Amino acid sequence: MGNLSFSSLIRRPEAGAFLGMVFVFLFFSLFGGSTFTSFAGAASWLNVAANLGIIAIPIGFLMIAGELDISIGSMVPASSMAIGILSGYWELPIAVGIILTLLFGATVGLINGLLVLRTGVPSLIVTMGTLFAVTGITLFLSIYITNTTAVSLSAPEWARAVFGSFYFNSYQVIIAWWLGLTGLYVFFLHYSPWGNWLLAMGGDKESARNAGIPTEKLTVALFVLSSTSAAFVGLCQTILFNSAQVSSGMTFIFNTIISVVIGGVLLTGGFGSVIGIFFGTLTFAMVNQGIYFTDFDRNLSSFIIGVMLLIAVLMNNTFRKMAVSYTGPKSKKRG
Amino acid sequence: MVQSTPVIELRNVDKSFGPIDVLHEISLKVKAGEVLCLLGDNGAGKSTLIKTLAGVHKPTAGTILLDGKPVVFDGPRDAQEAGISTVHQFGGTFPLMSIGRSFFVGVEPKKGFGPFKVFDRKQANSIAVKAVQDFGITRITDGDRLIGGLSGGERQSLAIARAVHFGARVLILDEPTAALGVKQASHVLRIVMEAKKRGIAVIFITHQVTHAMAVGDHFAVLIRGALAANFMRGDKSREEITDLMAGGEALADLDQYIDGYKETHQGHPPNVTG
């Protein structure tokens, strides 16, 4: 390590994401005034980034492996309701509620993974199926059990402290989870041998399998991870707001994919980084929230995100090409 | 010739998928330091044969012998551990991975303790670079370079070096020269010779007779899943081999047609462009 030359920096998948984040930050610092960068102002986009980021990284892993999971869009509200019903309506101990909710997430992930493997249907379609199935089941069971579409939950103090409360007035505790998990995932993808398996699998599944990588187990594990992560975010939200309702979490689908793509992950798999997704999530959250700090019309927010996504993809393509054609420090040829 | 047991031997191997018979009674032997060229047109069963050798498929009947002992592989990994490595047409490598990382896919070098073992990038890179350089590819010096930036020949060479590094005793090369230009292909052929020199049993699949003639010691022609010919270097001419590969009669028919045409057209060949 140690040679942080420019050339080694631009070869990294997160190069584009980092530059994009810096640009967006400067942009909103300029137009959003001092509140955007103030301690309280930063909380607004960090909270959004944390809730999104916990799901975005596992989605990024799936995309690196060449798969996709959009069922997280229904897993967030479903898990939110699950813990509300378990520990709120039925008054089970919160620890039991949390464990069962996470298990529910893992089960849906397992179903997704097995369906993708057994049927060979593209994961976009499979998870679109489970997306709607889970939405329907959630609504049906909520009405069937509680007769309403909203339940309240008052979690004990310790659970609130760990999973859902505000620190320093406006910082959600989930930010700490996000940072911790990001660290763990960085280790997983970039330092542990498993990360190598994941990149290989996304690069060429057949070759990876021939090299002895348990591609099927890894695929299922990734679906379990993304679904469980969505369940985690859902339960944290219920504990934070003391209530859950059958709502739509569909925005999570696009928002995570946008964050991952801005973060430099290749849609067709085989290339990406956790830090890139981290930057991508922050960038997305800044644009999403930053517009409220400026004098621009709020309705332009989606427009900016759309344009930004396109610029990010083009920029990432350029960076990737540079990385591929880079031939080493001794060669004079420029790519 | 030294009388030695072949490294790998097939005895009457059959493979069928349901009602479809793909391989019929294939018997082949490859000794250490010998290059067997497996020739055959598309659909002749070459892929099925190498997949059977590589542990992807199990033979429906017949036996595979390794060093004279019958073996049954439960999967590709099993075959690999026994020393059988396959290198595919595009090198079987990952365009967006670094040389060091792709070299060690599935067998990553690790350092550290317990669950915190980390992938040893530095070691991986230096071993990978040294292994390819030993095969004569001196242009590769940086293990962090991405595979996608290498030429087709370099990729093949890297994949072969990788297989040899991990103790391959039987090297199956699946059309390594098919997608390459003349210069790149000769590069790969030289590496095949190098592998042969190291005492590796090489099974070289191709449908380019020139490439086969350049490195082969022993030739086998596969037609519709059966062994149509099995001969040593120098036993047959290039024309005979090409003829066998194309299914024999088809080319003979074409020859006759052309000869017949020439006779009736004052020695001019048929005008194929018109």
Side-chain angles (χ1 to χ4, degrees), chain A residues 1-3 5 7-8 11-13 64-66 184 186-216 218 264-266 268-273 316 319-331 333 335, chain B residues 51 54-56 75-81 84-112 115-122 124 129 139-151 154 159 162-163 166 172 174:
Chain A
M1 304 297 277
N3 59 340
S5 65
S7 60
S8 76
R11 276 196 286 163
R12 305 189 62 88
I64 290 172
L184 201 70
V186 166
F187 174 79
F188 169 78
L189 185 64
H190 302 291
Y191 293 97
S192 85
W194 299 304
N196 219 24
W197 296 8
L198 190 61
L199 291 166
M201 203 169 116
D204 182 350
K205 196 164 272 182
E206 188 77 27
S207 296
R209 189 167 34 234
N210 287 340
I213 292 171
T215 52
E216 301 207 331
L218 209 56
V265 173
L266 184 61
T268 45
F271 194 71
S273 85
N316 286 332
F319 277 110
R320 196 166 51 246
K321 277 196 197 109
M322 282 163 87
V324 166
S325 59
Y326 179 80
T327 54
K330 275 168 202 145
S331 161
K333 212 176 80 186
Chain B
K51 280 184 177 160
V56 178
R77 190 160 204 164
D78 218 19
Q80 242 163 34
E81 271 161 18
I84 302 178
S85 276
T86 314
V87 172
H88 295 281
Q89 191 175 347
F90 298 102
T93 43
F94 313 100
L96 293 166
M97 281 175 90
S98 72
I99 291 171
R101 273 184 176 271
S102 75
F103 196 86
F104 284 98
V105 157
V107 278
E108 293 78 6
K110 286 166 245 181
K111 60 178 180 189
F116 302 108
K117 282 205 179 82
V118 297
F119 173 70
D120 192 345
R121 175 175 143 267
K122 217 175 225 167
V129 168
R139 286 200 302 164
I140 295 176
T141 52
D142 180 4
D144 275 333
R145 266 181 75 183
L146 299 184
I147 300 291
L150 304 179
S151 73
E154 285 172 334
R162 177 181 192 271
F166 288 108
I172 303 172
D174 185 6

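Chain identifiers are assigned alphabetically (A, B, ...) following the order of the sequence lines, protein sequences preceding nucleic acid strands; residue numbering begins at 1 within each chain. This structure is a prediction, so every number in the text was calculated from the model and none was measured.
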Nearest non-hydrogen partners of Gly203(A) and Phe94(B), listed with the distance: C-CD2, 4.0 Å
Please say whether more than 12 non-hydrogen atoms of neighbouring residues, nucleotides or ligands are located less than 6.0 Å from NZ in Lys205(A). yes
Does the Asn196(A) side chain pair with the main chain of Arg101(B), one donor and one acceptor, at a distance under 3.5 Å? yes
Taking all non-hydrogen atoms of both residues, which atom of Ala200(A) and which atom of Val105(B) are closest, and how far apart? CB-CG2, 3.7 Å
Nearest heavy-atom pair of Phe187(A) and Lys117(B): which atoms, and what distance? CZ-O, 3.8 Å
Between atom CE of Met97(B) and atom CG of Asp204(A), what is the distance when rounded to the nearest 0.5 Å? 11.0 Å
Measure distances from Val107(B) to the heavy atoms of chain A and classify the residue's part below 4.5 Å as side chain, backbone, both or neither. neither
Listed partners of Phe166(B) passing ring pair (Phe, Tyr, Trp, His ring centres under 6.0 Å), at least two apart: Phe103(B), Phe104(B)
Against Leu96(B), only a single residue in Leu266(A), Thr268(A), Leu199(A), Ile64(A) fulfils side chain to side chain contact (heavy atoms under 4.5 Å, CB included); can you say which? Leu266(A)
